[in-house]
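Heads up, the thing below is written out as structure tokens.
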Protein chains: 2
Amino acid sequence: MNTALEPHPRKGSERREAILVTATEVFLSEGYGRASMDQVHAKIGGSKRTLYNHFPNKEALFEAIVTAVSSRALAALEPPLGEDNLRKALFKMGENYLGVLLSPDGLALYRAMISEALHFPDLARTFFERGPGRASHYLADFFREQKAKGVVDVADPQIAAQHFLGAVRGDVHLAAALGVRKPSKQLVKMTVSQAVDTFIRGTAPASSEVET
Amino acid sequence: MNTALEPHPRKGSERREAILVTATEVFLSEGYGRASMDQVHAKIGGSKRTLYNHFPNKEALFEAIVTAVSSRALAALEPPLGEDNLRKALFKMGENYLGVLLSPDGLALYRAMISEALHFPDLARTFFERGPGRASHYLADFFREQKAKGVVDVADPQIAAQHFLGAVRGDVHLAAALGVRKPSKQLVKMTVSQAVDTFIRGTAPASSEVET
DNA sequence: TGTAAATGGTACGGTACCGTACCATTTACA
DNA sequence: TGTAAATGGTACGGTACCGTACCATTTACA
């Protein structure tokens with residue numbers, strides 16, 4: 001109604017952005033519980049009131065962080081499926097998917113969401129739907145197309161997509177999330193490559209031989 | 001050296017057990033950060049000193065909890081591979097594996113370990129090795145046998161095992177860990193079943209046709 | 001039965017943390 | 001240039017939490 005009620009932005013957007021960047025570092029490295037508003041404030045400098053002006057409380061700050069990092073990290077899940085060759089498409093999709101999950105932001109986000117899912121159910125749902133869920137759906141659509149063309153023979157494209165992506169994750173992602181071992185690029189390539197092989201052979205139409 | 005230095009057990013072992021059970025409920029439902037020693041003490045009753053007599057601090061209590069729950073929950077990962085029929089063996093293995101991961105203890109343990117892995121690296125490593133890692137190794141051994149018999153044709157049995165188990169997890173486990181959806185037994189069966197189908201077709205020796 | 005260890009019950013020291021309160025100062029816009 | 005909003009800097013109220021301190025009481029074992 002009244003435009004005069006709008007707050008003066010000052011360089012408000014920049015300030016907010018700076019706070020968010022710093023807070024993200026703290027929250028993603030420490031986790032929600034161990035991260036403290038005081039710690040964030042100390043790294044930002046200035047007044048604590050400024051921090052609370054932009055984010056009313058710790059929960060709201062965490063939600064803003066997760067939302068921002070999600071859209072940044074998960075954007076890369078856009079399916080690189082322009083490729084029509086099944087093997088190449090799957091390989092690119094798998095490599096890209098695993099790359100996102102194994103990136104520093106991807107791992108930190110995964111840890112944060114698993115940790116806080118029960119206390120931030122809406123956030124958890126959004127994360128799933130925009131992350132792993134979306135990737136599965138994209139791939140399922142791709143499988144449906146390929147199935148229509150008779151290139152693959154899968155009973156349920158949706159489940160098949162989850163299986164392929166699950167196989168790509170393998171134990172590599174789990175081990176990385178637990179900090180047990182950091183996978184090399186070479187291991188990633190090998191993992192994806194073998195997953196593609198098995199999947200293609202496992203879903204090849206009975207009649208035709210797919211070129212290797 | 002001196003046996004007189006041994007503490008009198010009183011009904012010490014029972015007391016310790018009771019404390020551990022109660023503490024487990026608190027820690028696994030609240031998570032390490034939100035669980036408090038005061039809260040545990042309140043549920044136990046008695047003196048706070050008794051609690052600290054059995055577990056010197058919060059970290060030690062958490063470690064004891066994780067160790068206990070791990071051996072209880074992960075024991076079920078013992079491979080049910082007495083079965084020699086490939087399809088049946090894989091199905092049983094997959095269903096059992098997913099069942100452990102989706103059990104209340106399995107999910108709570110998974111959340112706790114992902115949450116605290118960076119602060120309890122030794123615990124995280126042990127969990128991985130006795131849990132998912134062990135399951136993969138068992139299955140890899142099985143694949144090696146089957147490969148020797150010419151029943152399956154896999155490039156790398158270890159990676160193949162990770163792929164199969166990863167496919168079995170699919171998005172089901174992730175969604176459950178995030179609290180997004182609780183999978184039905186029927187969905188579990190379907191998921192495992194289709195994973196077995198794809199895997200068997202994908203690893204069948206080129207020459208022989210495996211009976212369906 | 002006597003004794004050392006463990007327990008019950010309670011209090012509390014020290015610290016960390018969230019969010020608010022002030023007030024002087026600076027900024028953005030009319 | 002005047003004014004309202006935002007900021008800097010600091011203090012602090014209220015609470016939660018970890019671990020310790022006491023001391024009377026109970027238990028287990030010699």
Side-chain angles (χ1 to χ4, degrees), chain A residues 1-65 112 115-116 119-120, chain B residues 1-65 112 115-116 119-120:
Chain A
M1 300 293 197
N2 189 351
T3 54
L5 288 178
E6 302 258 284
H8 289 187
R10 195 169 184 161
K11 292 183 179 175
S13 56
E14 289 179 22
R15 196 85 183 92
R16 186 192 151 95
E17 192 55 31
I19 290 175
L20 204 54
V21 168
T22 301
T24 299
E25 291 174 22
V26 175
F27 274 72
L28 287 195
S29 65
E30 300 290 320
Y32 180 81
R34 281 177 229 263
S36 79
M37 296 299 274
D38 283 358
Q39 190 182 355
V40 171
H41 166 238
K43 286 193 75 167
I44 293 171
S47 171
K48 218 167 162 185
R49 188 54 190 262
T50 303
L51 170 56
Y52 278 93
N53 275 349
H54 287 286
F55 306 97
N57 54 45
K58 191 181 179 184
E59 294 191 1
L61 178 54
F62 180 66
E63 289 172 13
I65 289 171
S115 302
E116 302 303 322
H119 286 86
F120 295 87
Chain B
M1 300 293 197
N2 186 351
T3 54
L5 288 178
E6 302 259 284
H8 289 186
R10 196 168 182 163
K11 293 183 179 177
S13 55
E14 290 179 21
R15 196 86 184 90
R16 186 191 152 94
E17 194 54 32
I19 291 174
L20 205 52
V21 168
T22 301
T24 299
E25 291 174 22
V26 175
F27 274 73
L28 287 194
S29 66
E30 298 290 319
Y32 180 81
R34 282 176 229 262
S36 79
M37 295 300 273
D38 283 357
Q39 190 183 354
V40 171
H41 166 238
K43 285 193 75 166
I44 293 171
S47 171
K48 217 168 164 184
R49 187 55 189 263
T50 302
L51 169 57
Y52 278 92
N53 276 348
H54 288 286
F55 305 97
N57 52 48
K58 190 181 179 182
E59 294 192 1
L61 178 55
F62 180 66
E63 289 173 12
I65 289 171
S115 301
E116 301 303 322
H119 286 86
F120 295 87

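These numbers come from a predicted model, not from an experiment.
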Q | Contact under 4.0 Å: B:His41 side-chain N or O vs C:dG8 OP1/OP2 | A | no
Rounded to whole Å, the NZ-P distance (A:Lys48 to C:dA21) equals 13 Å
Counting only side-chain N and O atoms of B:Arg15, is one of them less than 4.0 Å from OP1 or OP2 of C:dG8? yes
Of the candidates C:dC17, C:dT7, D:dG19, the side chain of B:His54 sits closest to C:dT7
**OP:** Record whether the side chain of B:Thr50 comes under 3.5 Å of the base of C:dG8 through a donor-acceptor pair of N or O atoms.
**Re:** no
note: A:Arg49, atom CZ; C:dT25, atom C1'; distance rounded to Å ~ 16 Å
note: B:Leu51, atom CG; D:dG19, atom P; distance rounded to Å ~ 10 Å
> Under 3.5 Å, is there a donor-acceptor pair between the side chain of A:Lys43 and the main chain of A:Glu25?
Replying inline: no
- Is any side-chain N or O of A:Asn53 closer than 4.0 Å to OP1 or OP2 of D:dT7? yes
From CZ of A:Phe62 across to C1' of C:dC18 the rounded distance in Å is 17 Å
The nucleotide from C:dG8, C:dC18, D:dG19 with an atom nearest the side chain of B:Ser47 is C:dG8
Quick note, A:Tyr52 side chain, CB onward, closest among C:dT7, D:dC18, C:dT20 is C:dT20
